Student: 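One structure is given below, represented as structure tokens, and several questions about it will come after.
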Amino acid sequence: MSGPRRGRSTPGAAPRPPATARGLALRALLDVDAGGRANVVVPALLGASCLDQRDRSFVTELVYGTCRMQRACDWLVDRHARGRTDPAVRAALRLGTYQLAWTRVPRHAAVSATVAEVDGPGRSMVNAVLRRVADDVERGPIRWPDPATALSYPDWIVARLAADLGPGVARAALEQMNVPARTTGRPDGYIQDAASQMVAVHVGPAPGERILDLCAAPGGKATALAGAGAALVAAVDVDPGRAAVVAANAKRLELPHLATLVADGRRTPFRTSSFDRVLVDAPCSGLGVLRRRPDARWRGRPSDLPRLATLQRRLLDAAAPLVRPGGVLVFSVCTLTREETAGIDRWLASEHRELEPLPPPAAPWMLAGRGGLLLPQAAGTDGMFVLSLRRR
Ligand SMILES: C[S@@+](CC[C@H](N)C(=O)[O-])C[C@H]1O[C@@H](n2cnc3c(N)ncnc32)[C@H](O)[C@@H]1O
């Protein structure tokens, strides 16, 4: 069988991670291909490896970049690879092609160091195809068949965002989400994208208030709200494992007023009018955070959107009565589709007349319905939507 080289191991022991950056990247790509998430697989493999810091960053760049540009890589490869390739050979072809077309790695290193990680009969094929891809890239510019292949997104995401945002705005958003995310930290050390920090500020917690976060895990916004002086932050999540992460974060950040509860946000034990503010940071298609989750674009389906919008509406139905009269309900999602943003706002306007809109955040947010939409290209952040409403 062809495949990336395995680290040597003693019988009965867990296999040692490969000893080179490209070997580790190939292992990670195979794990993602088998259903793992890049942002889980990569830290786990790096945690068990002996690579130095420079190589660790290189592994992350290689895996994230190859996952992002997978469709474009496959198109460059398939012009030269006849027939189907097994997963290990395909991973090596994608990894080599990514280096050739999207990094400054010199041609010789990109080809030979990638080929060196492939064992078995696939090795000569990987070598031959990568040399041809290198020739194509050098000859450039590449004449892509369509924008979705060039930008490496599934057709449906390109079509949906073009329809919802306009083709020019959608293209800029898609390009921006191919740029690696910067790491941004809060003063308390919690790593959180600037857009999420802005949403937490927009919730506007006042000292002494009781706040409910109905979809709280992993706790980014709940910990920000608890750190802003709230008397109580009740952090609810339906997923017990993810709720445990909220509790661990609250403990680490020493936030005794943050209480975690495992419950379905559509059916919580709270009495009506119990909270000054309720945040529904709802499950969504995540199309605003694709730069941070490089493999997510290949997992979603168009049929997810109506299902998620229905769940968002049911969570809001449950959340609205929990806000005290005069209190505030905030809806946010990390996506850009109209169905999950302005569409939800339109539904709230007709079905929840007891809720009146509050002003959306200022620029770089733009108006979307009665809420604010932050495009990824507006400030180099995640894409987000937020809408605040006061209960009459
Ligand atoms: C966008 S994430 C929340 C992110 C979080 N607010 C933060 O800032 O870190 C959505 C969360 O909703 C949770 N969820 C999904 N369905 C739910 C439901 N019916 N009730 C409560 N939580 C739910 C998911 O487990 C997920 O953790």
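Keep in mind that this is a model prediction, so the values were computed, not measured. Counting starts at 1 for both ligands and their atoms, following the listed order.
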Student: Can you say whether the rings of W75 and W144 are parallel (under 30°), tilted (30 to 60°) or perpendicular (over 60°)?
Tutor: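 Geometry flag for W144 against W75: tilted rings.
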Student: Please state whether G219 comes within less than 4.0 angstrom of ligand 1, counting heavy atoms only.
Tutor: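 Flag set, G219 near ligand 1.
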Student: R56 side chain to S49 main-chain N or O, any donor-acceptor pair under 3.5 Å?
Tutor: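 Present.
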Student: Kindly identify the option in G220, A282, A217 whose heavy atom sits closest to atom 4 (C) of ligand 1.
Tutor: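 Shortest heavy-atom distance from atom 4 (C) of ligand 1: A217.
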Student: Is it the side chain, the backbone, both or neither of C334 that has a heavy atom closer than 4.0 Å to ligand 1?
Tutor: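 Near ligand 1, C334 shows nothing, with every heavy atom at 4.0 Å or more.
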Student: In terms of residue, atom name and distance, what is the protein heavy atom nearest to atom 12 (O) of ligand 1?
Tutor: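 Scanning the protein heavy atoms, the shortest distance from atom 12 (O) of ligand 1 goes to C215 CB, 3.3 Å.
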Student: When you compare ligand 1 with L315, is there at least one nitrogen or oxygen pair between them that comes in under 3.5 angstrom?
Tutor: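 No; every N/O pair is 3.5 Å or more apart.
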Student: Suppose clustering is done on Ile, Leu, Val, Met, Phe, Trp and Tyr with side-chain heavy atoms closer than 4.5 Å. Which residues sit in the same group as V238?
Tutor: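 V238 clusters with nothing; isolated.
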Student: Are any of the N/O atoms in R242 less than 3.5 Å from those in ligand 1?
Tutor: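 Indeed, backbone or side chain, R242 has an N or O that close.
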Student: In the protein, which heavy atom is nearest to atom 23 (C) of ligand 1, and how far is it?
Tutor: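 Residue, atom and distance for the closest contact: V238 CG1, 3.5 Å.
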Student: Distance-only, no hydrogens or angles: does the D213 side chain make a donor-acceptor pair with backbone N or O of V280 under 3.5 Å?
Tutor: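 Here the side-chain-to-backbone pair does not exist.
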Student: Hey, looking at atom 25 (O) of ligand 1, which of D237, L308, V199 has the closest heavy atom?
Tutor: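 Answer by nearest heavy atom: D237.
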Student: Report, as yes or no, whether the 6.0 Å neighbourhood of atom CZ on R54 holds more than 12 heavy atoms from other residues, nucleotides or ligands.
Tutor: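 For R54, atom CZ is not crowded (no more than 12 foreign heavy atoms under 6.0 Å).
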Student: Quick check on R84: does its CZ atom have over 12 non-hydrogen neighbours (other residues, nucleotides or ligands) under 6.0 Å away?
Tutor: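 No, because the 6.0 Å sphere around CZ of R84 holds 12 heavy atoms or fewer from other groups.
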Student: Is the backbone of L174 close enough, under 3.5 Å, to the side chain of Y153 for a donor and an acceptor to pair up by distance?
Tutor: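 Yes: the side chain of Y153 pairs with the backbone of L174.
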Student: Short list, please: which atoms of ligand 1 are under 4.0 Å from a heavy atom of P218?
Tutor: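 Listed by number with element: 9 (O).
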Student: Return the closest protein heavy atom for atom 15 (C) of ligand 1 as residue, atom name and distance.
Tutor: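 Protein heavy atom with the smallest distance to atom 15 (C) of ligand 1: P283 CG, 3.4 Å.
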Student: Which residue and atom name correspond to the protein heavy atom nearest atom 6 (N) of ligand 1, and how close is it?
Tutor: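 Of every protein heavy atom, D281 OD2, 2.7 Å lies nearest to atom 6 (N) of ligand 1.
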Student: Under 3.5 Å, is there a donor-acceptor pair between the side chain of E117 and the main chain of L26?
Tutor: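 Judged by distance alone, no pair lies under 3.5 Å.
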Student: Please give the remaining members of the hydrophobic cluster of V386, linking ILVMFWY side chains under 4.5 Å, ordered by chain and number.
Tutor: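 Direct or chained contacts put V386 with Y190, M198, V199, V203, I211, L225, V233, V246, L253, L255, L258, L279, V328, V330, L358, W365, L374, M384.
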Student: Looking at L214, which atoms of ligand 1 are within less than 4.0 Å of one of its heavy atoms?
Tutor: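 Counting atoms of ligand 1 from 1, those under 4.0 Å from L214 are 21 (C), 22 (N).
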Student: Between the side chains of D193 and R291, is the shortest nitrogen-to-carboxylate-oxygen separation below 4.0 Å, so that they form an ion pair?
Tutor: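 The answer is yes: the pair qualifies as a salt bridge.
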Student: Is K221 touching ligand 1 with its side chain, its backbone, both, or neither, if touching means heavy atoms under 4.0 Å apart?
Tutor: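 Both backbone and side chain of K221 come within 4.0 Å of ligand 1.
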Student: Checking a contact table here: which protein heavy atom is nearest atom 20 (N) of ligand 1, and how many Å away?
Tutor: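 Residue, atom and distance for the closest contact: G265 N, 2.8 Å.
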Student: Is A263 near ligand 1, meaning one of its heavy atoms is under 4.0 Å from it?
Tutor: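 The answer is yes, since A263 has a heavy atom less than 4.0 Å from ligand 1.
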Student: For atom 19 (N) of ligand 1, find the nearest protein heavy atom and state the residue, atom name and distance (0.1 Å precision).
Tutor: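 I find the closest protein heavy atom is D264 OD1, 3.0 Å.
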